[in-house]
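Inspection log for the structure reproduced underneath, given as C-alpha cells.
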2 protein chains.
Amino acid sequence: MTDETAGTPASPPPSPWERERPAPARVAPAREPLSRERVVDAAFTVLDRQGLDGLSMRQVAAEAGVAVSALYAHVSSKDDLLELMYARLFAGFAMPVPDPERWREQVRDYARSWRHLLLAHRDMARISMAHVPFTAELLPHVEALLAVFRTAGLPDRIAAEAGDLISTYIDGFVLEEGMWRDRAALQAGDKSSLARPDWREMAGEMQNYFASLPEQDFPHLRALAGLMVTDSADERFDIGLEIILRGLASYLPSPSV
Amino acid sequence: MTDETAGTPASPPPSPWERERPAPARVAPAREPLSRERVVDAAFTVLDRQGLDGLSMRQVAAEAGVAVSALYAHVSSKDDLLELMYARLFAGFAMPVPDPERWREQVRDYARSWRHLLLAHRDMARISMAHVPFTAELLPHVEALLAVFRTAGLPDRIAAEAGDLISTYIDGFVLEEGMWRDRAALQAGDKSSLARPDWREMAGEMQNYFASLPEQDFPHLRALAGLMVTDSADERFDIGLEIILRGLASYLPSPSV
DNA sequence: CGTTACAGTGAACACTGTTCGGCAACTGAA
DNA sequence: TTCAGTTGCCGAACAGTGTTCACTGTAACG
C-alpha cells in the first residue's frame, strides 16, 4: 500500500441488519473501566495464542482480568465480538485513490496488504470468510475498490463482480495457507516435542507423496508435484492474482495484455 | 456435467495425514446394524434440517435412532464425520475426459455442477471450505482438473494454480450465497411468522439501502446498486467464472480471446 | 448521611464433543 | 444345552461452551 491514499470517508448510515449493541457507559469511569476496545484487544491476544477454536468468552474474560458476564455489557454476543475484530482489521487500512494508469498495481497492492493483514493474526481468514463485507464501516472500502475498477474502464457488470471475486480469492487463499500451517504444526507437535512447525519438511513430505502416486493414474499430479506444494506462498498468491487481473483486463476496450 | 466422463480411477494410497478410523465391524450384522453410511445419512438429514450450527452428535444420534456413544464406533470424531460428508459429495461426480477444443466448457460445466452439489445441502460450502481437497478419495478429481488445464496448453505453473483458484472461487461464492440466504430467512422470520425467506424482498431492501447512501461519498456503489445485489445468483456466478477463464486463456500460446 | 446508579460478579441453564464401564444379545465350541 | 467370548449399543459422566440474571460492592450526587 503506497501513500497515495484518501482518508476514510464519512461513515454511512447503518445497514438494515446492523446488530444493535448495548449503549456505552454514560458516567465517568471509576478506574480503568472495561471498554469495548479492551475486550477486542483481549480477544486478539487470545486468538493469537490459542487460535479461533480456543477463543472462548471465558478465555477472553480471563485475559481481560474480568468475569465472563462483564463482557456482555460491551459486546452483545460472541458473534458480535468476532464482527468487531473483523472491523478492526480494516481500521488504518487506507484505500488508494483510483489511477487509471496504475489500476493493476493498485489492486495488487491492495490484495497483498489485505493478505498480510489477515496473516498478522492467527485464523483471521476464517473470521473474515464468515462475514459479508457490507457492514457500514466497510462500505468505504467496497466503494474504493469499485472506484478503481470503474475508472480503469471496466464494464459495470464486471466491476460489480470484481471486488467480490478478489476478496474471495484473498480470503480463500489465506484460509488454505492457515490450514496447511496448522497441519504442519500438528504434525511437528506429534512426532517431536519441538512444536516449531517445520514447513519445508511438510512440503517435502507432500511432494514425496505425490511422487509416489501410480504414474498411470496420476501423470499430471506427479508432473506438477513440485509446483503444487511449494514453500513460497507469496509466489503462488501472486500467480493466482495475476490470472484474475488478466481476466479483468480482457474486458478493457483497448487490449493491453 | 455431460456424459463424456471417465470412471473414477483406482484409489491411491492414503495421504500421510489420513485419519485412522475404527475398523468396521467384522461379524455378520444382527439386525440392521448402524453403519458408517447410516451415520452419514443421518448427519445429512440433520444438516438440511438444522444447518451446520445445529449439527450436533446428539442430533445425529437421535436421527439415527441410537445413543450418542454408538456413533463413535463408526466415526472417530465429529471432524471425521464432516470429512466423510465432504467426501460423499464427490461420489458419483464424474470428471470430464480432457478435450483441448472444449476446455472452457468443460471447466464451466465442472464448476456449475460443483456449485449445484454444494447448494444441494445446507451450509455445505462451509464444510467444503474447511477441507483441503488432497485426501485420497479426492485426488482423482484434482488430477482430472489438472489434465484439462494441461492438455489445453496452459503453462505448468498456471495449471498448478488454476485448480485451487477455481475451487476457491466456487466454495467462496456458494458460501456467500448461503450467508445471504440465512440472513434473508432470519429477517423474514423476525418480521413475520411466515418463515419463508423472501429473497427478492431482501434484495430490494439492500438496493434501497445502497441508493440511500450519500451521493458524494459513494457514487460508484450507488451507481452499481442494481448490479451488486441481484436475485440472479446464477448470472453472477457465471460472470466471475468467465473472468477467471479469460485470465487463464490469456496464458495460451495462440491468443483465442 | 442516605440514595441512586451502575460496572462487575458468581452461579446457574442448556447445551456441546468425547470417554468409559457395563449390559444384552448374539456367535461358536464343548 | 450350556458356557465362554465377542460385539453393538447404552447411560452416565466429564470438561467445556455461550448466555442470562439476581446480586454485590463502590462511587458520585443531593
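In what follows, every chain begins at residue 1, and chains take the letters A, B, ... in the order their sequences are listed. Small disclaimer: the values here were computed from a predicted structure and weren't measured.
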Of C/dG17, D/dG18, D/dC9, the nucleotide closest to the side chain of B/L34 is D/dC9
Which of D/dC10, D/dT20, C/dT18 is nearest the side chain of B/V66? It is D/dC10
From CE of B/M57 across to P of D/dC14 the rounded distance in Å is 21 Å
Notebook entry, point to check: Hey, does A/L81 reach any base, or is it just sugar-phosphate, or nothing, if we go heavy atoms under 4.0 Å?
Noted result: nothing
Between CG of A/D80 and P of D/dT20 the distance, given in whole Å, is 12 Å
Is the B/W114 to B/F90 ring centre distance short of 6.0 Å?
yes
Testing D/dC9, D/dT19, D/dC10 for proximity to the side chain of B/H74, the answer is D/dC9
Hits for side chain to side chain contact (heavy atoms under 4.5 Å, CB included) against B/A144, two or more places apart or cross-chain, chain-then-number order -> B/M95
From NZ of B/K78 across to C1' of C/dT19 the rounded distance in Å is 17 Å
Winner on side-chain proximity to B/A70, out of D/dC10, C/dT18, D/dG18, is D/dC10
Within 45 degrees of the axis of the six-membered ring of A/F237 and under 6.0 Å from its centre: does A/R112 put its NZ or CZ there?
no
note: B/D53, atom CG; C/dG17, atom P; distance rounded to Å ~ 11 Å
Of C/dT9, D/dT19, D/dC10, the nucleotide closest to the side chain of B/S69 is D/dC10
Separation of C/dT16 atom P from B/L52 atom CG, nearest Å, is 13 Å
Residue pair A/L55/B/G65 against DNA chain D: nearer the 5' end by closest nucleotide is B/G65
| Does a side-chain N-to-carboxylate-O contact under 4.0 Å join B/R181 and B/D123? | no
Whole-Å distance, A/Q50 CD to D/dT17 P, equals 9 Å
In whole angstroms, the gap separating P of C/dT16 from OH of B/Y72 amounts to 11 Å
Heavy-atom nearest nucleotide on DNA chain C taken for A/L71 and for A/R58; more 5' hit belongs to A/L71
* Check every strand shown and say whether A/V68 touches a base, only sugar-phosphate, or nothing at a heavy-atom separation below 4.0 Å. => base
Partner of B/R126 under side chain to side chain contact (heavy atoms under 4.5 Å, CB included), picked from B/D53, B/L118, B/D171, is B/D53
